[in-house]
Amino acid sequence: MALRAALKYKCVLSGLLSQQSSCSSHGRVCATPVLAAQRRNNSSSPKIAVDFDQSTGVAVMRLESPPVNSLSLDFLTELCISVEKLEMDKSCRGLILTSSQPKVFSAGLDITEMYGKSPERCGEFWRAVQEMWLKLYGSSMVTIAAINGSSPAGGCLMSLTCDYRIMADNPRYSIGLNETQLGIVAPFWFKDTMTNTVGQRTTEVALQLGLLYNPSEALKIGLVDQLVPEDQVLATATQTMTKWLAIPDHARAITKSMMRKPTIDKLTSNREADIQHFVNFITKDSIQKSLGMYMAMLKKRRV
Amino acid sequence: MALRAALKYKCVLSGLLSQQSSCSSHGRVCATPVLAAQRRNNSSSPKIAVDFDQSTGVAVMRLESPPVNSLSLDFLTELCISVEKLEMDKSCRGLILTSSQPKVFSAGLDITEMYGKSPERCGEFWRAVQEMWLKLYGSSMVTIAAINGSSPAGGCLMSLTCDYRIMADNPRYSIGLNETQLGIVAPFWFKDTMTNTVGQRTTEVALQLGLLYNPSEALKIGLVDQLVPEDQVLATATQTMTKWLAIPDHARAITKSMMRKPTIDKLTSNREADIQHFVNFITKDSIQKSLGMYMAMLKKRRV
Amino acid sequence: MALRAALKYKCVLSGLLSQQSSCSSHGRVCATPVLAAQRRNNSSSPKIAVDFDQSTGVAVMRLESPPVNSLSLDFLTELCISVEKLEMDKSCRGLILTSSQPKVFSAGLDITEMYGKSPERCGEFWRAVQEMWLKLYGSSMVTIAAINGSSPAGGCLMSLTCDYRIMADNPRYSIGLNETQLGIVAPFWFKDTMTNTVGQRTTEVALQLGLLYNPSEALKIGLVDQLVPEDQVLATATQTMTKWLAIPDHARAITKSMMRKPTIDKLTSNREADIQHFVNFITKDSIQKSLGMYMAMLKKRRV
């Protein structure tokens, strides 16, 4: 069954991937070498670029892990370190998340992290996914997602952690938690985050069918807050940030925490069980087999 | 007070009933005699007809208890047995609920089961209502309501248990949890089911006023998902089912359970108290008196 | 930071205040001297006028504490006593809340009650705010807000406790929980009340930004239920009340309690901690300083 879904999903994602392959990565000048220089262990290059403007108190974090900003363990670790540094810097009040990759914000969890890996490694990976969510959803900074490309699965989750979502009005882009289409299940805290954003009923349908929405549909159900032409996504995010920063940080951050704490507490008090649950599921023979076939297909397609 | 409401309700329901009396029951050929042959105890004929198509994995369950598919103890028992059989049959992946009666999906709980009955019998009845809800709301199958007529009170509840609701676009039909209009109260799990579907605020108003919505209104608030011409309700349900069945069962069913489990757990852990609560309420002299007068009026109207 | 917000807020509120000063208070004949005569301690005049019509079972409660119906300790005490009297009078089935002051329903909590006061007095004040909310949100009567003017902060909260909200369609009026704009935080039960009305996501944005909505915006997000021309607010409330009173009281009140009890229980079981939390916050030097500067500005503006 998972296979059949994988075949469908292939069309969605590999369509995206094949588009990517024909696009060269954009050059980008990093204005804040201190933060942008962060890199982890033996990864060859930083996957996250941070431009922090001291004068405005706003950091722009660009995801730049070609081709599709997959959330690998390295990527997630670097992201968490970057967010934590900004969080601890009291002069940083706002964070804009966007992508350096053309056509994609983030394609979600890196499937290679879940295939043929030891339970220990799978657990380490899942802990990093949790950490990313905890850091972003619980951030005291104003967080805005400048969604300048498709954002399925984990990419959608990352967007949902932000206070506000601005998406490029390009009908070829899509966003949603489409896990079931791959035969896997979005965990309860993905579900909770979506429910907090679009409500119980819309989430029930969206998660069961693994729906991916185009920007207009996403706006209609409240999955994103605003659509703008593609070349204005970042500028609009910056303008919106100004509006949010006009509110006293202390009062706004307490209010944000009050709204999100119950959801965050659910994961923090069930973190180990959630990791165990994920590891047990993903290391199953049937799931591994489906993932393997899915990856083989992606590979074939890319050649 | 209840009487005043009963007088109003009479107009709604008896209007429906009088329409029924002028309509002959439709003949129906049962394609799957094995399941359709289910019947219970001394009830003269089956009240539920099940057509299960092995090739698609979809069962169509027709409610055929003239005149208005009232949810009697016999009816509920038969319904639960039918659902359970399908649930246990791994080849059955989807269930479409519809009515064989013209103009009505289900008129809701059978009032004769609540009038002049012993507390034990009332308790048995209520347990069956709970069971119907638990089986349908917790079903791992894809469930679609093909609402081809009015669906007040318990009929609305039954629709709300499904994954998707398609209603005939006939302005003479209505749907809603209108219990307060009869002077009775929808229990907490009716309320929870509606809240999960249309949200807290809409439910607060709808339940307090006992609102019945016409199809357009129901669509607007999300009480149903789609309206189609009356003669296309079942065909649309079948097409929609195909879409839902394209998702791997395992991932979809776990997702569904994750969304609904907290609501289901609330009833399962309070089941006996809920029965006792119902029995105490319904056997009150004042309530019995109101029900008696209401039934007398219905009878008069039908003669 | 709070100061910056205070400067902004000043424009909103003092604009309102300066408008008030040019308007004379409307004369009003009290039809029910028994209830209207309620007054408290040494306050010079009643701040609440109650007209109870025995023939309809409906009481109209007019807030008349010039210039802007600020929720002072005296005002809240009188309001609670009035509501309790009506609640205990079984012949009173419905309550309409409205304002006698032009252009404003209520400007919210009286800032002078929070500035330069002892912790004991601050605690007493906060207990009265809680009491007002508990009495109104938990009322078994049908409650309708006839919002004939602006209704920020505590005024919005008071509206939100009602079963139904009708607002004057005047684009100069606004409504919302704008606490963060003043550098303070709406407590959890303000948040819960708003969430129950407009949902989690809208509340998250509204509370973080301290948004004030004009009537059209408020209708769109469900913060109010209906807009009518200014001179028809009370008449529409009266007509709407008739519709609500057509439902049996007993069934409606049980349903209302079922919907709201979990939210009410959260405060009743955390009441003392909530008072302590408020007192600790409001008596902070930084907060007192901000409030002082804010009040000085308001004073200057009014001279």
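A note on names: the letters A, B, ... follow the listed sequences, proteins ahead of strands, and every chain is numbered from 1. Note that this is a predicted model, so its numbers are computed, not measured.
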Interatomic spacing from CD1 in B:I254 to CD1 in A:I184 - rounded to 0.5 Å: 11.0 Å

Value rounded to 0.5 Å, distance of CZ in B:R252 from CD in A:Q181: 13.5 Å

Which atom names give the shortest non-hydrogen contact between [X] and [Y], and what distance separates them?
{"X": "A:K191", "Y": "B:M259", "result": "CG-SD, 3.2 Å"}
{"X": "A:T180", "Y": "B:A251", "result": "CG2-O, 3.8 Å"}
{"X": "A:G183", "Y": "B:P248", "result": "CA-CG, 3.8 Å"}

Any [X] side-chain heavy atom under 4.5 Å of [Y] side chain:
{"X": "A:Q208", "Y": "B:D163", "result": "yes"}
{"X": "A:R201", "Y": "B:V198", "result": "no"}
{"X": "B:K243", "Y": "A:L209", "result": "yes"}
{"X": "A:L207", "Y": "B:K256", "result": "no"}

From CA spacing to verdict: side chain to side chain contact (heavy atoms under 4.5 Å, CB included), A:Q200, B:T197: CA-CA 7 Å; A:Q200 172 86 6; B:T197 310; over 6 Å; no

Over 12 foreign heavy atoms within 6.0 Å of CG, B:D265: yes

Segment of A:F281 engaging chain B (4.5 angstrom heavy-atom cut-off): side chain

A:T203 portion near chain B, given a 4.5 angstrom heavy-atom threshold: both

